[in-house]
Amino acid sequence: MRFFGCLVLFCLSSLAITVSAPVTAAQATPQTTVKPDAPAAAAQTTSPAPAVAPTAAAAAAQENPAAASTHTPARQHVRPIDAEAPLPTGYDMLRGAYGPFRANNDLLYYHLNIRVDPEKQWISGKNTIRFRMLKDGKRIQIDLRDALTIDKILLGAEVLKYERDNGAVFIDFPETLHAGRVYSIDFYYSGHPEETGRFGGMTFKKDPAGRVWINTACEGTGASMWWPDKDQWKDEGQSMDISVAVPNGLMDVSNGKFVGKTDLGDGYTRWDWHVSYGINNYNVSLNIGDYVHFGEEMDEPSGAKLAMDYYVLPEDLEKARAQFAQARGMIEAYQHYFGEYPFIKDGYKLVQAPYSGMEHQSAVTYGNLFKNGYLGRDWTGVGINSRFDFIIIHESGHEWFGNSITAQDPADMWIHEGWTTYLETLYVEHRWGHADALKYMSGLKPKIVNMRPIVAERGVNAEPTEDQYFKGALMINTLRSIVNDDARWWALLHAFYQHFKFQSTMTEDVVAWFNLHTGMNLTPVFNQYLRHAHIPRLELLFGEAPGMVMYKWDADEDNFAMPIKVGTPDHWQVIHPTTAWQWMQTPLSKEGFQVSTELYYVDVNKQ
């Protein structure tokens, strides 16, 4: 998560505060079950060319918005980040930029080996960092917040010099490191991590029974607030080991496969975990407490066995056994659309935490009160979310989008959040059908504010607007309607994921892939939804002549063109508006002429 402990984006306070906004045509249109389409030839236009043109490459190769128009749906509280991007600080620029002393090396491996002292609220230890130089150089950048002390940095036995600047640590080597060669440093550090961010970053708490409970969740604040690393998203390395020593009687649950535990003979036990895949730094997680464990296995399509392990507080064991039974159906649903669970060697874990939840890779943290909905509420307001546990379904969806497919920069985080929100709708469709999936999506519309673009400024650690979740998901559903062939759409989704899995990517890569594999120029569509604040508005003009309606798109993209279904739910017709006026004959009145706003996220203006 980011959003929800995906993050969960919506804290209770923001959910409780709403502002009223006028109902748009897209929100006021009644939601109906989609019925078979009428032939596209039924629409008569002055410009019959396809609205989505082939590219050269392809040629070569929740309040219910279904209410009446008098209803004003409550909107999500507008955060400052949704209204205006904050000016980047020096820290943001040093952390956000993939500067020369990051770009000159390729991360290969971490071994984070630390001791956590709950009484002193103190961590100490080292991170062994292995990297390959991509060009000759004598300096690299690693990151660690200034609140923590650097005890020493070693290359073998040699102590290295360094400079600190706003969380960046510039490490200097006495001799040139040569391109193509692999090097390893030991970065020793200690201190009390600053508690910061939505979920605290790293918190030293007590569980409800008064026992030690220590957790990390640092997507937005950055992993370097509690351990030294290359604190960016582009370079994940290939594997990682995590060793955490805690007082005897406590357990640490981290990412990856459990390797074993060792009594250190000094009142501490070390818990060792091995991550067999690249891992985004903010996904690295400590969960220290008096946990009990239960688990199961799941057969994968490849014949492999997927270990599914659950760690909860003792008093919540029976509730967890009942609630976590949803995990198997969730994995089956996502595998149906995208392919096998990405991290089979590491397994899948749900780990109880004192916050709502986060998508920590192979160790999803969970704090949703063992209830369906979000913190016990149907937060989309349309009667669907109460059927399933939102945190299990959303945060686990990030294993596919966010953890396996990762954005190179937070500016493109819709690749995590928009896609994973869309996965929620696919889960609903897999379990209960397309009509309920559309109903679920209708509950997302009132949460969108459309005040600034989704894709943020790159290289400055910029946080996108929350529209990335809901608007992103509705844009993807709109793409499904543009393709207008579900068999083809499901094949595209599967191929898209398989192409990008275990990679970091950017918005341009996603757009180029869909252009190539659909044979359409979808760039203006992606740009309109991601790079402009407003959604496209279909302008409809009645009354110029009997039985005729004129139409065009009002959009920021000059060459915006997108097909859309109009008419009535039992007889939809596909028209191909552009930004120029066209016309069609219709027997429908202005009032009876409908637009399929449940299949396309658009505004409609009837004149």
Side-chain angles (χ1 to χ4, degrees), residues 1-9 11 81 89 91-92 94-96 107 110 112 114 116 121-125 127 129 142-148 166-169 187 189-205 213-237 240 242 244 252-256 273 275 278-289 349 351-367 391 395 398-399 402-403 406-407 409-410 413 416-417 461-464:
M1 185 181 218
R2 302 149 188 69
F3 148 69
F4 305 90
C6 269
L7 302 145
V8 169
L9 288 176
C11 58
I81 191 74
T89 64
Y91 164 75
D92 291 323
L94 280 170
R95 181 179 159 207
L107 176 65
Y110 292 129
L112 181 61
I114 62 174
V116 180
Q121 299 190 0
W122 191 263
I123 61 174
S124 60
N127 188 22
I129 306 170
I142 298 297
D143 304 283
L144 185 70
R145 287 288 184 88
D146 294 341
L148 296 171
N166 279 302
V169 181
F187 192 124
Y189 76 109
S190 59
H192 170 69
E194 178 187 8
E195 186 170 331
T196 185
R198 179 164 51 252
F199 300 136
M202 182 172 183
T203 61
F204 292 80
K205 295 181 181 291
W213 207 9
I214 302 170
N215 307 87
T216 61
C218 57
E219 182 189 32
T221 54
S224 58
M225 55 77 54
W226 70 274
W227 64 286
D229 64 277
K230 199 172 181 180
D231 200 357
Q232 43 71 59
W233 293 11
K234 185 175 182 177
D235 191 2
E236 291 188 354
M240 181 174 185
I242 305 170
V244 182
D252 169 64
V253 184
S254 287
N255 316 81
W273 302 83
V275 180
I279 184 169
N280 204 326
N281 50 34
Y282 70 76
N283 271 319
V284 176
S285 176
L286 305 184
N287 299 279
I288 299 167
K349 294 187 287 293
V351 187
Q352 188 174 357
Y355 55 89
S356 54
M358 236 329 256
E359 69 268 22
H360 298 127
Q361 182 173 308
S362 76
V364 173
T365 41
Y366 174 90
I391 291 298
E395 300 304 335
H398 280 300
E399 296 281 54
N403 301 347
T406 304
D409 188 290
M413 197 164 64
H416 301 194
E417 300 302 349
N461 191 39
E463 179 185 358

Test log, rule side chain to side chain contact (heavy atoms under 4.5 Å, CB included), inputs I142 and I129: CA-CA 9 Å; I142 298 297; I129 306 170; 4.0 Å; yes

Could you check N280 against N403 for side chain to side chain contact (heavy atoms under 4.5 Å, CB included), going step by step and ending with a plain yes or no? CA-CA 7 Å; N280 204 326; N403 301 347; 5.9 Å; no

Worked check of side chain to side chain contact (heavy atoms under 4.5 Å, CB included) between W227 and I123: CA-CA 9 Å; W227 64 286; I123 61 174; 6.0 Å; no

Side chain to side chain contact (heavy atoms under 4.5 Å, CB included) for Y189 and I114? Distances and angles first, verdict last. CA-CA 9 Å; Y189 76 109; I114 62 174; 3.5 Å; yes

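In this structure, Y282 and H416 have tilted ring planes: the angle between them lies in the 30° to 60° band.
In this structure, CZ on F187 lies 9.0 Å from CG on D143, to the nearest 0.5 angstrom. Once rounded to the nearest 0.5 Å, the distance linking NE2 of H360 with CG of N283 reads 6.5 Å. Distance CG/L286 to CD1/I242: 7.5 Å, rounded to 0.5 Å. To the nearest 0.5 Å, atom CG of residue N281 and atom CG of residue D229 are 4.5 Å apart. Distance check: F199 CZ to S356 OG gives 3.5 Å after rounding to the nearest 0.5 Å.
In this structure, D252 and W273 have side chains that are in contact, with non-hydrogen atoms separated by less than 4.5 Å. By the 4.5 Å heavy-atom criterion applied to side chains, Y91 and D146 are not counted as neighbours. At a threshold of 4.5 Å between non-hydrogen side-chain atoms, the residues V364 and K349 do not count as touching. In this structure, the side chains of M413 and W233 come closer than 4.5 Å at one or more pairs of heavy atoms. Side chains of Q361 and V275 form a contact here, defined as non-hydrogen atoms less than 4.5 Å apart.
Between the side chain of N127 and the backbone N or O of P228, at least one donor-acceptor pair lies under 3.5 Å. Under a 3.5 Å cut-off, the side chain of H192 and the backbone N or O of W122 do not form any donor-acceptor pair. Judged purely by atom type and a 3.5 angstrom limit, T365 uses its side chain to pair as donor or acceptor with the backbone of M358.
Qualifying side-chain hydrogen bond (donor to acceptor under 3.5 Å, both in side chains) partners for T216, counting only residues two or more places apart in sequence or in other chains: none. In this view, S362 satisfies the side-chain hydrogen bond (donor to acceptor under 3.5 Å, both in side chains) rule with no residue, not counting sequence neighbours. Under the side-chain contact (heavy atoms from CB on, under 4.5 Å) criterion, Q232 pairs with Y98, R102, K230, K234, D235, not counting sequence neighbours. The side-chain hydrogen bond (donor to acceptor under 3.5 Å, both in side chains) test applied to N255 returns no partner, not counting sequence neighbours. Applying the salt bridge (Lys or Arg N to Asp or Glu O under 4.0 Å) rule to R145 yields no partners; only residues at least two apart in sequence or on another chain are considered. Judged as a side-chain contact (heavy atoms from CB on, under 4.5 Å), and not counting sequence neighbours, the contacts of I214 are V116, P118, M202, F204, V212, I288.
Of all the heavy atoms in M240 and L112, the pair that sits closest is CE-CB, 3.8 Å. Closest of all the heavy-atom pairs between S254 and A363 is O-CB, 3.9 Å. Across all their heavy atoms, W226 and C218 have their closest contact at NE1-SG, 3.6 Å. Nearest approach of P410 to A462, heavy atoms of both residues: CB-O, 3.6 Å. Summarising the geometry of P354 relative to N215, their closest heavy-atom pair is CD-OD1, 3.1 Å, with the distance given to 0.1 Å.
A donor atom on one side chain and an acceptor atom on the other are found under 3.5 Å apart for S285 and N287. Counted by atom type alone, S224 and D231 present one or more donor-acceptor pairs between their side chains at under 3.5 Å.
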